[in-house]
Amino acid sequence: MLYIMRHGKTDWNVRHKLQGRTDVPLNEEGRQMAGAVRSECDRIHFDVCYSSPLMRAYETAKIVLASRDIPIITDSRLAEMSFGDYEGTENSFEDPDCPINILFNSPELYRSSVGGAETFEELYARTGGFLREIIEPGLQEGRDILIVGHGAMNASIICQIKKLPIEDFWSAMTDNCRLTRLL
């Protein structure tokens, strides 16, 4: 089985700031969220957990799996989508002319980088490589796998597995600390 989870809340989530690759820690609410989902996860068998190396995802994985002897392996391909110069932007949607909003409002039109932000093509290439090289062989061996990551990065994995069109990209984004079974 394959499961995926988004990290717990951070202060930047609360302030609606674009986090991307900025290494923002969990806040107390995020730690509590991860602790609350631990009991749900305790009932599920996992052989291994793969996590983004960013502290908000890695700390979530550590809290969720704290009572179990399950390896947590970080992989840079699971880092959040880079939002380039727009990382740290607060409430970008309040400025209808903010160029990064095309990524969120019309993903099918976002074909080239805005302000150094990662493109969907780049995001899909790295997460697709991770799926082919790590996840598919693990599932073929019968392993139960948990991925702990981020909103856009997780959405790229969900879209690839479910074969969703780019127009539906943001519909695949999950809430913080919500466990989703994919396969």
Side-chain angles (χ1 to χ4, degrees), residues 2-10 12-13 15-26 48-61 72-93 95-139 145-176 178 180 182-183:
L2 176 62
Y3 299 84
I4 197 164
M5 179 186 295
R6 184 177 171 199
H7 62 79
K9 279 192 181 174
T10 70
W12 282 28
N13 289 133
R15 293 176 58 195
H16 304 285
K17 290 178 81 165
L18 295 177
Q19 294 178 98
R21 299 276 176 85
T22 304
D23 208 2
V24 179
L26 293 177
V48 63
C49 172
Y50 293 96
S51 172
S52 161
L54 298 177
M55 70 176 98
R56 59 191 183 268
Y58 185 70
E59 184 179 4
T60 299
I72 301 171
I73 301 167
T74 60
D75 192 300
S76 62
R77 294 173 289 184
L78 299 179
E80 178 59 303
M81 183 177 196
S82 170
F83 299 125
D85 296 340
Y86 295 95
E87 291 194 13
T89 300
E90 193 166 336
N91 293 311
S92 69
F93 297 119
D95 176 4
D97 296 324
C98 184
I100 196 68
N101 288 343
I102 190 171
L103 179 138
F104 301 105
N105 296 332
S106 303
E108 68 280 6
L109 300 178
Y110 179 69
R111 292 198 169 87
S112 62
S113 177
V114 172
E118 190 171 16
T119 64
F120 285 118
E121 183 177 273
E122 293 166 331
L123 175 65
Y124 275 53
R126 69 179 165 88
T127 58
F130 177 79
L131 287 170
R132 286 186 303 279
E133 295 166 24
I134 304 295
I135 299 302
E136 288 175 9
L139 292 174
I145 302 169
L146 171 63
I147 297 171
V148 180
H150 308 273
M153 188 285 299
N154 285 4
S156 76
I157 287 177
I158 292 168
C159 285
Q160 289 175 80
I161 288 173
K162 293 186 174 186
K163 301 186 183 339
L164 296 175
I166 197 69
E167 293 85 3
D168 296 334
F169 183 84
W170 295 108
S171 71
M173 191 165 109
T174 60
D175 294 333
N176 294 97
R178 179 171 172 241
T180 302
L182 291 176
L183 297 169

Decide yes or no on side-chain contact (heavy atoms from CB on, under 4.5 Å) for F83 and T89, but give the supporting numbers first.
CA-CA 9 Å; F83 299 125; T89 300; over 6 Å; no
Which pair of heavy atoms, one from P137 and one from R132, lies closest together, and at what distance?
CD-O, 3.2 Å
Between OG1 of T127 and CD1 of I135, what distance do you get to the nearest 0.5 Å?
11.0 Å
The reported gap from CD1 in I147 to CE in M153 (rounded to nearest 0.5 angstrom) is 6.5 Å
Write down the atom of A57, the atom of G149, and the distance for their closest heavy-atom approach.
CB-O, 4.0 Å
Would a 4.5 Å heavy-atom cut-off, applied to side chains only, mark C98 and F93 as touching?
no
Roughly how far, to the nearest 0.5 Å, is CD1 of I100 from CG of L18?
7.0 Å
Hey, what do you get for OG (S156) to CD1 (I166), rounding to the nearest 0.5 Å?
9.0 Å
Run the side-chain contact (heavy atoms from CB on, under 4.5 Å) check on E133 and R77 step by step: do they pass?
CA-CA 11 Å; E133 295 166 24; R77 294 173 289 184; 2.7 Å; yes
Whether the side chain of N101 engages the backbone of S92 through a donor-acceptor N/O pair (distance < 3.5 Å, no angle test) should be reported.
yes
Residues that T22 engages under side chain to side chain donor-acceptor pair (under 3.5 Å), provided they are two or more places apart
E87
Can you name the nearest heavy-atom pair linking M81 to L123, along with the distance?
SD-CD2, 3.9 Å
With a 3.5 Å distance limit and no angle check, can you tell me whether N154 reaches the backbone of M173 through a side-chain donor-acceptor pair?
no
Check the pair T174 / I158 against side-chain contact (heavy atoms from CB on, under 4.5 Å), numbers first and verdict last.
CA-CA 10 Å; T174 60; I158 292 168; 4.1 Å; yes
I'd like to know if the side chain of T60 reaches the main chain of G8, judged simply by a donor and an acceptor atom lying under 3.5 Å from each other, with no hydrogens or angles considered.
yes
Could you tell me whether the side chain of D75 reaches within less than 4.5 Å of the side chain of I73, counting heavy atoms only?
no
Nearest 0.5 Å, please: how far is CD in E59 from OG in S51?
10.5 Å
Does any part of the side chain of H7, heavy atoms only, come nearer than 4.5 Å to the side chain of N176, both counted from C-beta?
yes
Students often mix this up, so state it plainly: with edges at 30° and 60°, are the rings of F120 and Y110 parallel, tilted or perpendicular?
perpendicular
Enumerate the residue pairs fulfilling salt bridge (charged side-chain N to carboxylate O under 4.0 Å, His left out) with a member in residues 157-175, sequence neighbours excluded, ordered by first and then second residue.
none
Working to the nearest 0.5 angstrom, can you tell me the gap between H150 NE2 and L78 CG?
8.0 Å
When K17, R56, Q19 are each screened for side-chain hydrogen bond (donor to acceptor under 3.5 Å, both in side chains) with T10, the one that passes is Q19
Looking at A79 and P53, what are the two nearest heavy atoms and their distance?
N-CD, 4.2 Å
Quick one: which residue pairs count as a salt bridge (charged side-chain N to carboxylate O under 4.0 Å, His left out) with a foot in residues 104-119, not counting sequence neighbours?
R21-E118, E118-R126
Work out which heavy atom in P99 is nearest to a heavy atom in Y86; give both atom names and the distance.
CG-OH, 3.3 Å
Taking everything shown except E121 itself, do over 12 heavy atoms lie less than 6.0 Å from its CD?
no
Minimum heavy-atom separation for I157 and L182, please, with both atom names.
CG2-CD1, 4.2 Å
Give a yes or no on whether the backbone of L103 and the side-chain of W170 come within a donor-acceptor separation of less than 3.5 Å.
yes
